[in-house]
Amino acid sequence: MSRSLLVVAGLVWGSCWAGVRPAAAAEPSLASIVPSDVHFYGHWRSTPEQSRLLEPYAKAVRRLVDSGIGRDIFDLATLDMPSWQRDEARAIAQRVIEIVKTPRWGKLIEKEIAGAFRLAIPLPEYLYLFRVPPEDAAGH
């Protein structure tokens, strides 16, 4: 669970971070392949300065996740459910957490991320792109 929160927090933080700009890259940005008709867009490219700043942030998120607050929030959100329904919801949440833990998120967010969201009917559309070195691409 902590890795998924780190990815989401890193994407939000990185898309809002404007203080450190990367130098021109030799390879085209992932931003160049995001459709132009999205409603929300975020882009982050890693630099040594951002990497230095990300570590204390990641440490704080790790401590928050390790505190067990996720279980407390789940318990509060399912307080009025019958026990059988709460058990089903807990099993589904646990399965989602296991799926989200599968990728090696540190490698996925190491270089560049682009994320986009488009309101659509019946369901919204999400797009997340990660630039991963070719040798690290297997297993994601």
Side-chain angles (χ1 to χ4, degrees):
M1 185 166 155
S2 65
R3 288 186 188 130
S4 61
L5 283 178
L6 284 173
V7 169
V8 171
L11 181 61
V12 171
W13 180 76
S15 65
C16 296
W17 182 254
V20 181
R21 293 283 182 211
E27 52 195 358
S29 169
L30 291 176
S32 66
I33 58 175
V34 173
S36 61
D37 62 344
V38 298
H39 297 104
F40 171 80
Y41 163 75
H43 178 254
W44 178 62
R45 184 175 279 168
S46 181
T47 66
E49 294 85 6
Q50 287 173 330
S51 297
R52 179 185 59 82
L53 295 172
L54 188 57
E55 183 53 38
Y57 178 78
K59 185 178 177 183
V61 170
R62 227 177 283 119
R63 285 195 312 249
L64 180 65
V65 170
D66 291 344
S67 74
I69 194 168
R71 287 183 300 276
D72 294 340
I73 292 171
F74 179 87
D75 289 344
L76 289 172
T78 59
L79 194 62
D80 290 335
M81 287 183 175
S83 62
W84 66 268
Q85 195 173 21
R86 181 185 266 197
D87 292 341
E88 282 184 4
R90 189 179 313 276
I92 291 168
Q94 190 60 41
R95 178 68 181 135
V96 168
I97 290 167
E98 290 304 314
I99 291 169
V100 169
K101 283 182 176 181
T102 301
R104 295 179 320 239
W105 292 105
K107 289 293 182 184
L108 281 177
I109 66 172
E110 185 174 66
K111 292 183 77 177
E112 183 181 10
I113 304 169
F117 168 82
R118 178 177 23 219
L119 296 173
I121 296 178
L123 297 171
E125 299 171 354
Y126 296 90
L127 172 68
Y128 292 102
L129 304 169
F130 303 92
R131 184 175 307 277
V132 180
E135 63 273 9
D136 293 325
H140 287 292

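- One hydrophobic cluster holds both Y126 and V96 under the rule that ILVMFWY side chains link at heavy-atom gaps under 4.5 Å.
- R118 approaches E125 most closely through the heavy-atom pair NE-OE1, 2.7 Å.
- When all heavy atoms of Y128 and G115 are compared, the pair lying nearest together is CD2-CA, 3.8 Å.
- Atoms CG and CD, on D87 and Q94 in that order, are 12.5 Å from each other to the nearest 0.5 Å.
- Considering every non-hydrogen atom in both A31 and Y41, the closest pair reads CB-OH, 2.7 Å.
- Side-chain contact check for F130 versus E112: every heavy-atom pair is 4.5 Å or farther apart.
- Using a distance-only test at 3.5 Å, with no hydrogens or angles considered, no donor-acceptor pair links the side chain of S32 to the main chain of P28.
- For the pair R90/D75, a side-chain contact is recorded, criterion being any heavy-atom separation below 4.5 Å from C-beta on.
- The shortest distance between side-chain heavy atoms of V34 and L129 falls below 4.5 Å.
- Taken together through direct or relayed side-chain contacts under 4.5 Å among Ile, Leu, Val, Met, Phe, Trp and Tyr, V65 and I73 form parts of separate hydrophobic clusters.
- Atom CD1 of I69 has 12 or fewer heavy atoms from other residues, nucleotides or ligands within 6.0 Å.
- Of all heavy-atom pairs spanning S29 and R45, the tightest one is CA-NH2, 3.0 Å.
- Atom CG of D80 has 12 or fewer neighbouring heavy atoms from other residues, nucleotides or ligands inside a 6.0 Å radius.
- Residues E110 and S46 form no side-chain contact, since every pair of their non-hydrogen atoms from C-beta on lies 4.5 Å or further apart.
- Contact of the V132 side chain with the L108 side chain is registered, since non-hydrogen atoms from C-beta on lie closer than 4.5 Å.
- For the pair R86 (side chain) and T78 (backbone), a donor-acceptor distance under 3.5 Å is present.
- Checking each of I99, I92, I97 against R95 for a side-chain contact (heavy atoms from CB on, under 4.5 Å) leaves exactly one that passes, namely I99.
- Nearest heavy-atom pair across P124 and F117 is CB-CE1, 3.4 Å.
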